[in-house]
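Just so we're on the same page: letters track the sequence lines, and every chain starts at 1.
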Amino acid sequence: MAELSAVSSFLVAAVGLAVPLALAALGETVTQRTGVINIGLEGSVIWGALGGALGALAAGSYAGLACGVSTGALAALCFALFAVRLGTNQIITGTAVTIGSLGFTGAVFQSRFGATGIALELPTVAALEVPLLSDIPILGPALFNQAAPAYVAYLLAPLLAWLLFRTRWGLALRAVGESPDAAYAAGVPVIRTRLLATVFGGALAGLAGAHLSLVHTGTFAENMSAGKGFIAIAVVVLGRWSPWGVVAAALFFGAAEALQFALQAWDSELPYPLFLALPYLLSLAALVGWFGRARAPGGLGSQWPRARG
Amino acid sequence: MSPGEIHGLIGENGAGKTTLARILGGLVAPDSGKVRIGGRAVELSGARQARALGVAMVHQHFSLVPSFTGLENISLLDPGAWNRRGAAARGYRERVEARARELRLAVELDQPVGGLGVGARQRIEVLKALMPDPRVLLLDEPTAVLAPQEVDGLLAVLRRVADAGGAVVLVAHKLDEVLAVATRVTVLRRGRRVLTTEVADTSAPELAEAMVGSEVAGSASSSRRRGAPRMPGEVCPRAARLAGVHARRDGREALRGVALEVRRGEIVGIAGVDGNGQRTLAAVLAGVQRPDEGEAELPPEVGWIPQDRTEEGLVGEFTITENVALALHGQPALRSGPWLDWRGVGEAALGVMREMEVQAEGAEMVASALSGGNQQRVVVGRELLRSGSLLVAESPTRGLDVKATAAVRARIRELAASGDEAPGIVLISTDLDEVLELADRTLVLVRGRLLEIAPGERTHRAIGRAMLGAQRVGNDW
């Protein structure tokens, strides 16, 4: 029975760690499907974490989540205004947004709370137990005794899959990502589609950030996003730009991270950074096509309208 | 094939012309069989090797780097452009210019080719293929985008290449061009050679019959019949109106004060040498580009057959059905809220394929897997469905074979004559014959301005003069 509960608590941790990745990666999937690669996602995550913290202090934990969504969306809007509206290079703009956000959130945090080193105590978002479903052995508590953002992710995956592949909006959105010229000729507003998709991605990354500060830790620390935004981009690629694939890839990364924590606790002979590196090695394997080749949207990373001459 | 020969390769869309040319050009390995060059069986494994063996190719879809200038594109694959240390060879520019003069190809060497019109890009493509003086020159439908005098110029270039001992393979749709220039001709149908003969021993009807099989031989010689001209006093409702329109493309002024009125049921033909503002005019009429100045009254839904079907017409990675859905997704009949009526779209896609006789394995086939001609058929069929009260057709038969060309032209005429529901049709084409055959009125687009041709002056010569007066090379938006 002890073993069973060890497995169970491992799964709880794995799902919990996967949730922010899944949220940010689902948003980024929509963004990338329009041909925009938002490297500034990390910026949206850290802004979401700070926004969540400030919102939670002001008006409670759920207001914090909403606040994190908005600050994450605003950071993505910044990126989109430059990279989509003004046509600046997406990679450079995204990097600037990430670095700027990490610095700026730190500055805001210090000016509000001072650099005392005393951990901030935030009202956290409690786990919600889904009746009946959470009684399923082993998987039940892992999947259905999580905080609200987890359920958002569960609902979003099928919803986005349906939106992207079954609706006319999804069709127009994918056309923008595959071939902006053809989409434009068919009357799809390319710039507006890209702007909205990027802001949507930022909003979900913001929720992921708020999840970090309000569910995982109950505090805010500078740089606490710790590369989650970048991992989410890897998750999108590993998940092959499909919502279901992205959820599976996020679970995989979450499990790897949980395993690494578990191994640290177990004092195994293997050095734990080895396990930390495993998901990235597998991502590289996915990129070179070991699991069958994934094809990125045709217009990914491209400016539109193209600069001619 | 022997040196000095110009070999015409003709056939319908999907007959295998492009594939055969790509095998010769080293881009596709044959599943079986051998290629012999200079008596030796060779295995071609790439364009570079084919080039080293003296085979040069001019592609149907351009293989130029858009952000490079003409000269940079030409020098890219030409070993003669570089000296031993890999630096630009001295005097290369002069050699290119000399070759261009010798072949009488007017090319713009210093503009990025992405900003040039199709005709101008093609001249660079041809010059690029001819710089290393190849033994075999392959051209895949090179005349599809050229103005009449440019076609004559190109055919003369080919003759000069053949006279100098080169062998030329010309993949073409237009029988008269093949007959005018080729010494021998091969007809392909559905991947098989059905006929190879000396041009002197054959005739247009015989070739047409060989191309399409016996059933439609009659339609090969393009019909001269025009749609019935409108009665002068007859006033149909207006479909679209432009007044004093100025618009830019890539920072250059492409339209300079264009006025145009299109009534429902009429076909307005706009002739002109490629690169005089056609693409901008089409984008403005289609409602996707707003004019910088002036007024544009347009209907909410406009059918648009764009010039560049692979870039603007279709999403290559989408299926035929999805591509049809993309253009029709705004139509009330096919949607309810966020839903798309996929069954309705699927039927529409099958309808397009039937109507236009698209050769594909089904509506779920990915667009990029279709041959160029079949892609064009999908675009045309779809846009004919989409046009409400206005259809903008840019070179709608570019790259189509005789049979498909006749079918598209017949559909356009039919659409214009479909009574009160008929759309106004703007036909923008560099093919003067097409404009004269279809249009009720003719205008010439010259350096961003429209000249109306009086009904009495609708002759090749008068229009050609108006077009030529405008002919500028290269930087011609």
>> Using a 4.5 angstrom heavy-atom cutoff, name the option from A:A183, A:P297, A:A175, A:G170 with the most pairs to chain B.
In response: A:A175
> Which atoms of B:A325 come close to chain A, meaning under 4.5 Å heavy atom to heavy atom: side chain ones, backbone ones, both, or neither?
Replying inline: both
>> If we check side chain to side chain contact (heavy atoms under 4.5 Å, CB included) with A:S179, which of these qualifies: B:L326, B:L314, B:V315, B:N323?
In response: B:V315
> Less than 4.5 Å apart, any side-chain heavy atom of B:F318 and any of A:E178?
Replying inline: yes
> Within a strict 4.5 Å, meaning less than it, do heavy atoms of the B:W342 and A:R168 side chains meet?
Replying inline: no
> Which pair of non-hydrogen atoms, one from A:A182 and one from B:G313, has the smallest distance, and what is that distance?
Replying inline: CB-C, 4.4 Å
> From B:E322 CD over to A:R174 CZ, what is the distance, rounded to the nearest 0.5 angstrom?
Replying inline: 4.5 Å
>> What part of B:Q289 gets within 4.5 angstrom of chain A, counting heavy atoms only: side chain, backbone, both, or neither?
In response: both
>> Sort by residue number and list every residue of residues 189-204 of chain A having at least one heavy atom under 4.5 Å from chain B.
In response: none
> Tell me, side chain or backbone of B:R386 under 4.5 Å from chain A's heavy atoms, or both, or neither?
Replying inline: side chain
